[in-house]
There are 2 protein chains.
Amino acid sequence: MTTDETGKAKGRDTRTRILDAAEKLFAEQGLASTSLRQITREAGVNLAAVNYHFGSREQLIHEVFARLVGPVNRERLACLDERRAAAGDAPLPLATILECLAAPALRRGGDRLRMRLAARVLSEPGVYSPTDFHRLFEEIAERFLGELARTLPDLPPAEIAWRFHFFIGALLQALHGLAGVKGMPGPFSELYRVPVEEVLRRVVAFGIGGFLAPAVPGNTGEDGP
Amino acid sequence: MTTDETGKAKGRDTRTRILDAAEKLFAEQGLASTSLRQITREAGVNLAAVNYHFGSREQLIHEVFARLVGPVNRERLACLDERRAAAGDAPLPLATILECLAAPALRRGGDRLRMRLAARVLSEPGVYSPTDFHRLFEEIAERFLGELARTLPDLPPAEIAWRFHFFIGALLQALHGLAGVKGMPGPFSELYRVPVEEVLRRVVAFGIGGFLAPAVPGNTGEDGP
DNA sequence: AGGCGTTTCAAACAAACGTTTGTTGGAGGT
DNA sequence: ACCTCCAACAAACGTTTGTTTGAAACGCCT
């Protein structure tokens with residue numbers, strides 16, 4: 001629990017050092033490609049410390065992800081609660097709902113790289129238990145789908161679920177871009193060298209348009225530009 | 001080059017068998033978690049065959065991905081060419097552009113799982129060279145951004161690029177969902193047990209709304225709900 | 001038939017993997 | 001003073017990884 005001046009950290013400091021190193025390396029290289037040896041080397045701790053403090057590699061992954069996503073989701077729900085308390089029985093503006101969903105993830109710290117991990121874990125199967133993963137987002141999905149249904153009473157619930165899903169995809173793409181794709185040239189390389197707040201406004205605007213689009217008809221038809 | 005009746009395949013058949021097995025396993029488990037031994041066992045070929053035919057694991061990955069994404073992108077460009085030839089100088093309807101972008105990926109064969117690989121590789125770093133990856137999509141991005149700019153002349157090019165990016169995210173999310181997230185309960189489990197054409201219509205509708213949304217203001221300021 | 005280039009095969013390689021072990025050092029309790 | 005517990009450590013465990021090797025089996029041409 002104490003820290004001496006030689007640079008050696010003791011006690012629970014080792015835990016957080018492992019978590020920090022794992023979080024960074026997972027975000028950079030992915031889950032499956034990151035070894036415990038890399039993590040412990042980066043953290044400056046002994047190899048066995050991981051199994052001592054976390055039991056196994058899998059539980060370390062779980063804890064890293066929970067520590068990353070937990071505060072974000074709590075902030076999301078708090079944002080929604082706050083806006084709802086101010087609105088009484090009235091439906092929340094669509095922009096408010098989407099902001100509460102996107103802002104906590106996008107604004108997370110000055111370190112843009114960090115949130116990339118969440119985007120990655122969603123795409124990597126097997127490593128992280130789907131049920132554990134779902135438990136972390138179950139409450140979020142229910143709350144936001146409920147608010148969206150109240151704000152968009154004319155949109156069928158299935159359509160709302162679909163568009164919520166699509167918006168999550170757009171948001172993950174934004175998180176990916178914010179992390180910076182090294183070595184990726186082309187029109188998207190310069191795209192993310194902008195303030196986070198601008199990315200937030202843009203993805204929310206895109207989402208508003210998507211949610212306000214007319215419900216899909218039963219068949220294909222003409223459409224004006 | 002020939003196939004005898006004992007089940008043993010020779011010649012370039014081994015190549016495609018390896019490619020098929022790798023494609024399937026990569027999609028199911030991810031790139032980093034799939035070993036050459038798994039691939040060769042699934043393909044029913046010798047372990048050394050991979051290094052003989054492809055040189056290395058990395059080049060195998062490259063070829064699997066190119067074989068998967070090449071036809072899709074070619075179909076995308078063909079779709080755009082066809083519609084443009086019919087339209088003359090007139091801008092293409094937004095729905096057409098987004099359909100040409102989404103349909104080839106979503107409709108790929110009856111095997112829904114297959115296209116999940118593309119969605120995964122986009123999220124997995126280091127395994128697939130970013131520059132190689134970019135080369136596969138450079139032409140696509142340029143063509144579609146050009147058509148979008150012609151259809152939406154009032155939208156700043158940067159805004160178009162952003163929304164193109166977001167739409168890709170929504171499309172990837174759709175591909176992910178179509179592959180089926182095993183063990184994932186909740187409101188999204190039943191979402192994708194629908195015809196591909198319906199998913200296509202829904203994601204295109206969402207994208208149309210997103211692209212038609214008013215452009216975001218250039219700086220931070222008030223915003224009405 | 002015979003030789004030749006191509007392809008398949010079992011076996012082995014060093015390296016890296018996650019995990020377990022037994023021991024050591026030091027702070028806190030009695 | 002002693003004992004106890006927690007934390008860190010080096011070392012080794014048995015697997016699994018991607019890759020290489022050398023020989024065997026194949027189809028094909030002269």
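- For D:dT17, one of the phosphate oxygens OP1 or OP2 lies less than 4.0 angstrom from a side-chain nitrogen or oxygen of B:Ser35.
- Map A:Arg41 and A:Gly55 each onto its nearest nucleotide of DNA chain C; the residue landing nearer the 5' end is A:Arg41.
- Regarding B:Leu47, its CG atom lies at a distance of 10 Å from the P atom of D:dT17, rounded to whole Å.
- Atom CG in B:Asp13 sits about 14 Å away from atom P in D:dG27, given to the nearest Å.
- Across the interface with DNA chain D, nearest-nucleotide mapping of A:Tyr52 and A:Asn46 shows A:Tyr52 to be the residue nearer the 5′ end.
- Between B:Thr14 and the phosphate of C:dT7, there is no side-chain N or O to OP1/OP2 separation shorter than 4.0 Å.
- A salt bridge links B:Arg163 with B:Glu159: at least one charged nitrogen is closer than 4.0 Å to a carboxylate oxygen.
- Distance B:Arg57 CZ to D:dT17 P: 10 Å, rounded to the nearest Å.
- One interatomic measurement links the two molecules: CD of A:Gln59 to P of C:dG18, which rounds to 15 Å at whole-angstrom precision.
- Nucleotide D:dA7 holds its P atom 15 Å from the CZ atom of A:Arg17, rounded to whole Å.
- Classification of B:Arg201 and B:Glu197 as a salt-bridged pair fails, no side-chain N sitting under 4.0 Å from a carboxylate O.
- Using a cutoff of 4.0 Å between basic side-chain nitrogens and carboxylate oxygens, A:Arg67 and A:Asp20 are scored as salt-bridged.
- Distances shorter than 4.0 Å separate none of the side-chain N or O atoms of A:Arg37 from OP1 or OP2 on C:dA16.
- In this structure the side chain of B:Val69 reaches within 4.5 angstrom of the side chain of B:Phe137, judged on heavy atoms.
- Between A:His53 and D:dA8 there is a side-chain N or O to OP1 or OP2 distance below 4.0 Å.
- One interatomic measurement links the two molecules: CG of A:Leu36 to P of C:dT20, which rounds to 11 Å at whole-angstrom precision.
- Residues A:Arg76 and A:Asp81 are not paired through a salt bridge, judged by the lack of any N-O separation under 4.0 Å between the basic side chain and the carboxylate.
- When the P atom of C:dC17 is taken as reference, atom CG of A:Leu31 falls 15 Å away, rounded to whole Å.
- With D:dT21, C:dT19, D:dA10 as the candidates, the nucleotide lying closest to the side chain of B:Ala48 is D:dT21.
- If you measure from atom CG of B:Asn51 to atom P of C:dC9, you get 15 Å, rounded to the nearest angstrom.
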